[in-house]
Amino acid sequence: MGVPLAWLMRRQDLLLRVVAGRGGLDRDVVWAHSIELADPAPWLTGGELLLTTGLRLTADPGACEDYVARLVKAGVAAVGFGVGLSHARVPEALVDAAEEAGLPLLEVPLPTPFVAVTKAVMERLAEQQYEGVVRASRIQPRMTRAALHGGAQAVVRELAVSTGTSVVLLDHDSKVRTAHPPDAGASEAALRAGLSSPKQAAAAVSSGRDGVVAVQQVRVGPRAHGRLVLVADRTLTPVDHLLLGHAASLVALEADKPLRLREEQNHVNALFLRMLLDGSVTASAALDHLTEAGFPVRDGVRVLVLRGGSPRRALEAVGTELAERGLPLFGRGHGGCAAVLLPAGHAVTAQTVTDGARARLRSRTWAGLSAVHDLADGPAALSEARNAASVAQARDTLALVSFESLAGRLLAATPETRKVLATLAEAQLAPLSAHDTAHGTDLLDSLRTFLEHNGGWEAASAALGVHRHTLRSRIERVRGLLGADLDSAHVRAELLLALCAWQEPGGSDRTG
């Protein structure tokens, strides 16, 4: 998956111009990177749009030919040459060399910064990834329903139709169990590929005259039940591989159907929940998906967050509790916590789910519950639940802490004041976030825990699982970065409010 050069050239705001290699505009760019080295090849992996001002490149024909040859050998998709700095225009020798090699050469005018080109490529790649996730999230439930109603044969057909490929299922004796489409030529090609793949290999991909072939082992635990073979006349995408893996798991349901079906459906639901909680799925689409999954949303939804221990084990415990009550699990790990979607107004309560999950877990668990929200307000619900869980941990209470019970909750819940708090958070906490990102530190979380424990060194360091001297060192670093007097109650209060409103770029919560 990549960004077609032709698409990038249609971005009129970038003012790019093709000066050589026009025949290669059908190439895909998988990355955009600025490199001014005389020989950038050792740092390239192929498919890049290499951006340069030619700082170390002369107009000598021999040097230009050598430069282009190295880039072609490294598999570069194209070169973007910035003019107006090192060179007033693209050197003719470079144009000639690129044209001779068939390497697309783009002129980047001085008003267009390289970062704008890189941003355009990165944003389009992100869009494609999101589109792939959405596509997979739509196909996977169909495939699951096919497994329920038609077994392995229906799954193979759904996989072949959804991916536009040929699919063959081999049993553990390497005999064809089912195939789609029922085309002898394609099935024979897939059969040869499946038989040539080592039986012990979990997955394998190869290319040949029959096309691209992917083989996925079908197994439940130590028991292998065969191999699923997919043959395509094109390069396989991450979505193809995701769907192939999903199909193999569904076929394995014949051996352990109830458990495996629930695990796969939970995986799909976790992908959906991630999009719901970061606000990247519309309320109408969320309503359709949840309704189809048998999740009641008429009275709104809440988010339950469990802190402490393994998020994966917590989700397994909650999933079991919900399954026993006829509800699907929509849960995922988030920032070291387990976040779970619950229906408001349903007979199953957050307290019941929490108590049941705790009974199945050995680790100490703190729980926080959001207020009731509609499906368009997932990020706010997650933020509320994580803040409530943080309070539960700070109080060291096993009682379920609801956001409604917190004093001052309206200040964080009202849109107008949240906007003010968000501005405050960005101004106060951006230096800490930047430092954490650059150095892999945990200053934000340390500050939050320190403030929630009222500046108590022993309690805060115990909650973080670090020595009090380590915490003191972190807080001193915070003082230096913020230039703030943390001994002041007013400063502490302002920082705590800022932490409650702190949001990731794009809207996801950064606290808790």
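Side-chain contact between Val133 and Arg274: present, with at least one pair of heavy atoms (C-beta onward) separated by less than 4.5 Å. In this structure the side chain of Pro181 reaches within 4.5 angstrom of the side chain of Ser166, judged on heavy atoms. Under the 4.5 Å side-chain criterion, counting only non-hydrogen atoms from C-beta, Leu106 is not in contact with Val117. Pro379 is not listed as a side-chain neighbour of Leu277, based on a closest heavy-atom distance of 4.5 Å or more. In this structure, the side chains of Leu276 and Phe330 stay at 4.5 Å or more apart for every pair of heavy atoms. A 4.5 Å side-chain heavy-atom check between Leu37 and Asp39 finds every atom pair outside the cut-off. Leu71 has its side chain within reach of Pro40: a pair of non-hydrogen atoms, C-beta onward, lies under 4.5 Å apart. For the pair Leu306/Val340, no side-chain contact is recorded, criterion being any heavy-atom separation below 4.5 Å from C-beta on.
With rounding to the nearest 0.5 Å, the separation of CG in Leu315 from CG in Leu273 is 9.5 Å. Interatomic distance, Trp31 CH2 to Thr118 OG1, rounded to the nearest 0.5 Å: 9.0 Å. Atom CG of Leu5 is separated from atom CG of Leu49 by 6.5 Å, given to the nearest 0.5 angstrom. We find the OG-CG distance between Ser284 and Leu375 to be 9.5 Å, quoted to the nearest 0.5 Å. Rounded to the nearest 0.5 angstrom, Leu482 CG and Leu443 CG are separated by 9.0 Å. Taking CG of Leu290 as the reference point, atom CG of Leu341 lies at 6.5 Å (rounded to 0.5 Å).
Shown here for Val95 and Ala20, the closest heavy-atom pair between the two residues is O-CB, 3.6 Å. Minimum heavy-atom separation, Leu94 to Tyr67: CD1-CD2, 4.1 Å. Ala77 and Asp28 get closest at one heavy-atom pair: CB-O, 3.6 Å. Of all heavy-atom pairs between Ile139 and Ser162, the closest is CG2-OG, 3.5 Å. The nearest pair of heavy atoms linking Leu242 to Ala136 is CD2-CB, 3.6 Å. Of all the heavy atoms in Gly2 and Val30, the pair that sits closest is CA-CG1, 4.4 Å.
For the residue pair Arg227 / Ser174, a side-chain donor-acceptor distance below 3.5 Å is found, with atom types taken as modelled. There is a side-chain donor-acceptor pair under 3.5 Å between Arg386 and His334. For the 3.5 Å distance criterion, the side chains of Glu384 and His373 qualify, holding a donor opposite an acceptor.
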Exercise for review: Go through the steps for Arg474 and Thr441 under the test side-chain contact (heavy atoms from CB on, under 4.5 Å), then give the verdict.
Suggested key: CA-CA 9 Å; Arg474 292 180 182 178; Thr441 55; over 6 Å; no
Point to revise | Candidate pair Val121 and Leu8, rule side-chain contact (heavy atoms from CB on, under 4.5 Å), full reasoning | key: CA-CA 8 Å; Val121 172; Leu8 193 63; 4.1 Å; yes
Practice item. Report the C-alpha distance between Leu170 and Val176 in whole Å, list the side-chain angles of each, state the deciding distance to 0.1 Å, and finish with yes or no for side-chain contact (heavy atoms from CB on, under 4.5 Å). Key: CA-CA 5 Å; Leu170 305 176; Val176 176; 3.9 Å; yes
Point to revise | Steps toward side-chain contact (heavy atoms from CB on, under 4.5 Å) verdict (Thr165, Asp240) | key: CA-CA 10 Å; Thr165 62; Asp240 294 326; 5.6 Å; no
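Residues that satisfy the ring pair (Phe, Tyr, Trp, His ring centres under 6.0 Å) test with His87, not counting sequence neighbours, are Phe81. When the ring pair (Phe, Tyr, Trp, His ring centres under 6.0 Å) test is applied to His246, no partner is found at least two apart in sequence or on another chain.
Here the options are Val478, Thr437, Leu495, the test is side-chain contact (heavy atoms from CB on, under 4.5 Å), and the partner is Leu432; only Val478 passes.
Looking at Ser137, its side chain does come within 3.5 Å of a backbone N or O of Val134 through a donor-acceptor pair. Judged by distance alone, the side chain of Thr112 and the main-chain N or O of Val108 form no donor-acceptor pair under 3.5 Å. A donor-acceptor pair under 3.5 Å links the side-chain atoms of Ser280 to the main chain of Met275, judged by distance alone. Between the side chain of Glu316 and the backbone N or O of Ala314, no donor-acceptor pair lies under 3.5 Å. Using a distance-only test at 3.5 Å, with no hydrogens or angles considered, no donor-acceptor pair links the side chain of Asn269 to the main chain of Pro328.
Evaluation of the salt bridge (charged side-chain N to carboxylate O under 4.0 Å, His left out) test over residues 79-88, restricted to residues two or more places apart or in two chains, returns none. Within the structure, salt bridge (charged side-chain N to carboxylate O under 4.0 Å, His left out) contacts touching residues 110-134 (residues at least two apart or in different chains) are Lys119-Glu123, Arg124-Glu127, Arg124-Glu131.
In summary, Arg177 and Asp171 do not engage in a salt bridge, as defined by a charged side-chain N under 4.0 Å from a carboxylate O. Looking at Glu36 and Arg56, no side-chain N of the basic residue comes within less than 4.0 Å of a carboxylate O on the acidic one, giving no salt bridge. Between Asp66 and Arg70 there is a salt bridge, since a side-chain N of the basic residue sits under 4.0 Å from a carboxylate O of the acidic one.
Atom CZ of Arg89 is surrounded by 12 or fewer heavy atoms from other residues, nucleotides or ligands within 6.0 Å. Atom CZ of Arg234 sits in a crowded spot, with more than 12 heavy atoms from other residues, nucleotides or ligands closer than 6.0 Å. Counting non-hydrogen atoms of neighbouring residues, nucleotides and ligands closer than 6.0 angstrom, the CZ atom of Arg27 exceeds 12 such neighbours. A 6.0 Å sphere centred on CZ of Arg142 holds more than 12 heavy atoms belonging to other residues, nucleotides or ligands.
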Please set out all donor-acceptor pairs under 3.5 angstrom arising from side-chain atoms of residues 98-105, sequence neighbours excluded.
residue: Glu99; atom: OE1; partner: Gly21; partner atom: N; Å: 2.9

Side-chain donor-acceptor pairs of residues 10-18 under 3.5 Å, sequence neighbours excluded:
residue: Arg11; atom: NE; partner: Asp13; partner atom: OD1; Å: 2.9
residue: Arg11; atom: NH2; partner: Asp13; partner atom: OD2; Å: 3.0
residue: Arg17; atom: NE; partner: Glu107; partner atom: OE1; Å: 3.4
residue: Arg17; atom: NH2; partner: Glu107; partner atom: OE2; Å: 3.0

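In this structure, His289 and Phe272 have parallel ring planes: the angle between them is below the 30° cut-off, well short of the 60° mark.
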